[in-house]
Structures are given as C-alpha cells and as structure tokens.
Visitor: 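The structure is given below, and queries will be raised subsequently.
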Amino acid sequence: MTTNTGTFGGPILSAVVSVAFLLFAGLALCPAFAFTEEELNTIGIYERVAPAVVNITTMTCEPEFFFCPVPPTTGSGSGIVLKAEGLIVTSFHLVDNAESVQVGLSDGRRLVARVVASSPADDLTLIRVDPGDRPLQEIVLGNSESLKVGQKVLAIGNPFGLGQTLTVGVVSMLGRSIRRDGRIFRDVIQTDASINPGNSGGALVDSSGELIGMNTAILSTTGSSIGIGFAVPVNRIKAVTPGLAANYGRPLGWLLAFVIVLWTVRKIVRL
C-alpha cells in the first residue's frame with residue numbers, strides 16, 4: 001500500500017513558508033522591532049531638541065586705521081533657544097568682536113541677531129532675533145546639580161558648519177576647572193561625547209532631553225575631538241542669564257565710569 005503525502009504536504013509547506021515570510025517582513029518593517037529601546041530614546045530626544053539648537057554664523061573684521069585691510073573672517077558655532085520670542089544663549093568667544101551675527105534655524109530661516117549682553121567670565125553671551133509670527137522652539141532646562149558620572153548625555157550642535165549634528169556619550173567628570181584665553185572656567189562638565197569646532201554654544205542634554213550644559217571647549221592636540229569636551233553647567237546659565245537679559249551690565253558700567261570720573265575730578269580740585 002502506497003501513501004501519497006506529496007499532494008497534501010506541498011500546499012501546507014507553501015502556506016507555512018508564506019506565513020513565516022509575512023511575519024518576518026512585518027517585524028522588519030515595524031519600528032518597534034527595528035530599533036532598540038536605547039535607540040528609540042536617542043531618536044526621540046534628537047527630534048524634540050534639535051529645533052531648539054540653532055546654527056550661528058559670524059563675520060569679524062580686524063580694522064586697521066578704521067578700515068579692513070583684508071576681507072572679514074567668518075566663523076560658525078551653535079546656540080540654544082531660551083525663549084520662544086527670540087532669546088538665544090551662545091558662547092562669548094564665538095561672537096566676541098563680531099561685526100555681524102546670523103542665526104540659522106531648523107526650518108530653514110536665517111535671521112539677523114544682535115548681542116544683548118555677555119559674561120566673558122562664564123563664556124556666555126545672550127543674543128536676540130526677531131522670529132516674527134513664527135516663535136522659536138524653546139529648550140527645556142534641567143538641573144546640573146543632579147548629574148552623575150557615567151550617565152548618558154547627547155550633544156547637538158553645528159560642528160565644522162555642518163549643522164544639526166548629534167553625538168552621544170557620558171558624563172566623564174564633574175567640577176572640572178579649565179583654562180581658556182587666559183581665563184579659568186570652574187565647575188564645568190567633562191564629557192566624551194564628540195565635540196568639535198562649531199559645537200561651541202550647542203546643547204548638552206540628558207536622556208530626558210533636558211538641557212544640562214552648553215558645550216564650550218575641548219582638550220585636543222589636533223584641534224578636533226579626542227573625547228575630552230567641556231560644557232558650562234545649566235545651573236550656571238540659569239543664574240547668569242536673567243541679569244544679562246535685563247542688561248544690567250551697561251548701566252552699572254556707566255555708573256562706575258561716572259564714579260571714577262567724579263573721584264578723579266575731586267582729586268584734581270584738591271591738588
């Protein structure tokens with residue numbers, strides 16, 4: 001007696017293969033299975049935070065007898081939107097002595113910015129743009145006091161003028177002191193997230209997407225990232241920027257100048 005299994009087995013096998021193929025294709029196409037939980041967290045943070053990080057282009061002229069003997073030099077860096085109406089924080093060394101400052105937004109707009117006030121001792125400068133009827137996206141401020149060495153951080157900025165670039169790392173150390181341009185900056189955050197020229201003024205955020213620092217400097221023998229970058233803690237930004245926004249510095253400067261002149265005149269009169 002001969003048993004015929006070929007006729008019955010063929011359709012079943014074909015159906016099983018088809019179902020398996022469809023399941024595999026469905027899993028491959030489903031984002032929930034295509035990305036790990038860590039990747040989804042990183043992607044989500046970037047999509048939320050990137051619009052609040054702007055590209056900054058500066059033009060600097062070094063005058064000689066009130067004229068520029070050579071064409072102005074250009075620079076690029078990053079900035080962080082603090083207020084939707086156009087208030088942005090960036091690095092002082094980026095806009096220092098700049099003749100003009102332009103801000104590039106994630107939606108393609110380019111806006112002219114003006115410097116509001118600066119704190120060179122903190123490498124912080126506030127600039128302002130007029131967004132018109134299209135407000136900017138603000139970043140969410142975190143708390144740098146709660147940071148721990150080893151926690152995940154993400155840096156978003158404009159390295160080498162490329163714009164909207166994301167790198168990922170960890171907090172390498174806290175409370176660092178570094179020297180830059182003859183100044184000592186204390187209590188800065190050290191990270192191994194790749195930070196390159198142009199990242200200055202950009203955002204360093206935690207795994208919740210909250211700002212924990214502003215990228216400001218790197219330690220490198222090549223001029224590019226070797227995994228040692230530094231950021232101004234967000235709590236320092238929160239402490240300094242209200243005074244800068246109110247622009248107390250200029251009135252106090254004029255008051256100090258007046259006091260010095262008055263004191264000098266009195267000394268001369270006494271002589």
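If you're wondering where the values come from, they're calculated on a predicted model, not measured in any experiment.
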Visitor: Within this structure, what is the CG-OG1 distance for the pair Asn41 and Thr36, rounded to the nearest 0.5 Å?
Guide: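 It comes to 9.0 Å.
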Visitor: Of all the heavy-atom pairs spanning Thr60 and Asn97, show the shortest one and how long it is.
Guide: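 Minimum heavy-atom separation between Thr60 and Asn97: CG2-O, 3.4 Å.
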Visitor: Quick check: is Val81 connected to Ile127 through a chain of hydrophobic side chains (ILVMFWY, heavy atoms under 4.5 Å apart)?
Guide: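 Per the 4.5 Å side-chain linkage, Ile127 and Val81 are co-clustered.
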Visitor: Ignoring hydrogens, what is the shortest heavy-atom contact between Ser208 and Arg48? Give both atom names and the distance.
Guide: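 Heavy-atom minimum between the residues: O-NH2, 3.1 Å.
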Visitor: Could you report the tightest heavy-atom contact between Leu154 and Asp206, atom names first, then the distance?
Guide: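 Residues Leu154 and Asp206, closest heavy atoms: CD1-O, 3.7 Å.
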Visitor: So do Ile139 and Leu141 actually touch side chain to side chain, heavy atoms under 4.5 Å?
Guide: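 With C-beta onward as the side chain, the pair touches.
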Visitor: Atom OG in Ser172, atom CD in Gln151: separation rounded to 0.5 Å?
Guide: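 Rounded to the nearest 0.5 Å, the OG-CD separation comes to 11.5 Å.
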Visitor: Does Val232 share a hydrophobic cluster with Ile228, counting links as ILVMFWY side-chain heavy atoms below 4.5 Å and allowing steps through other members?
Guide: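 Val232 does not cluster with Ile228.
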Visitor: Please tell me if the side chains of Leu40 and Glu37 come closer than 4.5 Å, counting only heavy atoms from C-beta onward.
Guide: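 SC-SC contact between Leu40 and Glu37 ruled out.
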Visitor: Do you see a donor-acceptor pair shorter than 3.5 Å between the side chains of Thr125 and Ser118?
Guide: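 Side-chain D/A pair, Thr125 to Ser118: present.
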Visitor: Using only heavy-atom distances, determine whether the side chains of Lys152 and Thr42 contain a donor-acceptor pair under 3.5 Å.
Guide: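 Yes, side-chain donor-acceptor contact under 3.5 Å.
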Visitor: Going by the side chain to side chain contact (heavy atoms under 4.5 Å, CB included) test, name the single residue among Val53, Val89, Ile80 that passes it with Leu211.
Guide: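 Filter result, single survivor: Ile80.
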Visitor: Dump the intermediate steps for side-chain contact (heavy atoms from CB on, under 4.5 Å) on Ile237 and Met214, then the final yes or no.
Guide: CA-CA 8 Å; Ile237 296 173; Met214 185 191 76; 3.7 Å; yes
Visitor: Given side chains that start at C-beta, do those of Leu126 and Leu82 come closer than 4.5 Å, heavy atoms only?
Guide: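 Yes, close enough: below the 4.5 Å cut-off.
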Visitor: So, taking the atom named CZ in Arg186 and the one named CZ in Arg179, what distance separates them when rounded to the nearest 0.5 Å?
Guide: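 That separation rounds to 9.0 Å.
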Visitor: Using side-chain heavy atoms (C-beta onward) and a distance below 4.5 Å, is Ile88 in contact with Val103?
Guide: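 When only atoms from C-beta onward are counted, Val103 and Ile88 do touch, with a gap below 4.5 Å.
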Visitor: Hydrophobic cluster membership, with links at side-chain heavy-atom distances under 4.5 Å among I/L/V/M/F/W/Y: are Leu94 and Val129 in one?
Guide: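 Per the 4.5 Å side-chain linkage, Leu94 and Val129 are co-clustered.
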Visitor: With heavy-atom distances below 4.5 Å as the criterion, would you say the side chains of Ser119 and Phe92 are in contact?
Guide: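 Not in contact.
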Visitor: Look up atom CG in Asp187 and atom CD1 in Ile178, then write down how far apart they are to the nearest 0.5 Å.
Guide: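 Atom-to-atom, Asp187:CG and Ile178:CD1 are 11.5 Å apart.
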Visitor: My understanding is that only one of Thr90, Asp123, Asp122 makes a side-chain hydrogen bond (donor to acceptor under 3.5 Å, both in side chains) with Thr216; could you say which?
Guide: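 Per the side-chain hydrogen bond (donor to acceptor under 3.5 Å, both in side chains) rule, the option paired with Thr216 is Asp123, out of Thr90, Asp123, Asp122.
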Visitor: Contact between Ile56 and Asn158 at the side-chain level, heavy atoms closer than 4.5 Å - yes or no?
Guide: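 Not in contact.
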Visitor: Provide the closest heavy-atom pair for Gly213 versus Ile189 in the form atom of the first, atom of the second, distance.
Guide: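 Nearest pair, atom of Gly213 first, then Ile189: CA-CD1, 4.5 Å.
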Visitor: To the nearest 0.5 Å, what is the distance between OG on Ser106 and CD on Gln164?
Guide: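 Rounded to the nearest 0.5 Å, the OG-CD separation comes out at 5.5 Å.
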Visitor: For Met59 and Thr74, work out which heavy atoms get closest and say how close.
Guide: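 Scanning both residues completely, I find the closest heavy atoms to be CE-CG2, 4.2 Å.
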Visitor: Backbone N or O of Arg134 within a donor-acceptor pair of the Arg109 side chain at under 3.5 Å?
Guide: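 Yes, the answer is positive, given that a donor and an acceptor are paired below the 3.5 Å cut-off.
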Visitor: Looking at Val170, is its backbone amide N or carbonyl O close enough to the side chain of Asp192 to form a donor-acceptor pair, meaning the two atoms are under 3.5 Å apart?
Guide: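 Confirmed, Asp192 side chain pairs with Val170 backbone.
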Visitor: Heavy atoms only: give me the nearest Leu111-Asp130 pair and the separation to one decimal.
Guide: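 Smallest interatomic distance, heavy atoms only, reads CD1-O, 3.9 Å.
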Visitor: Distance check, rounded to the nearest 0.5 Å: Ile226 atom CD1 versus Ile218 atom CD1?
Guide: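 Those atoms lie 8.0 Å apart.
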Visitor: Going by distance alone, is a donor N or O of one side chain under 3.5 Å from an acceptor N or O of the other, for Asn196 and Ser225?
Guide: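 No pair is found: no donor N or O on one side chain lies under 3.5 Å from an acceptor on the other.
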Visitor: Can you establish whether the number of heavy atoms outside Lys83 located under 6.0 Å from its atom NZ is more than 12?
Guide: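 Counting other residues, nucleotides and ligands, NZ of Lys83 stays at 12 neighbours or fewer.
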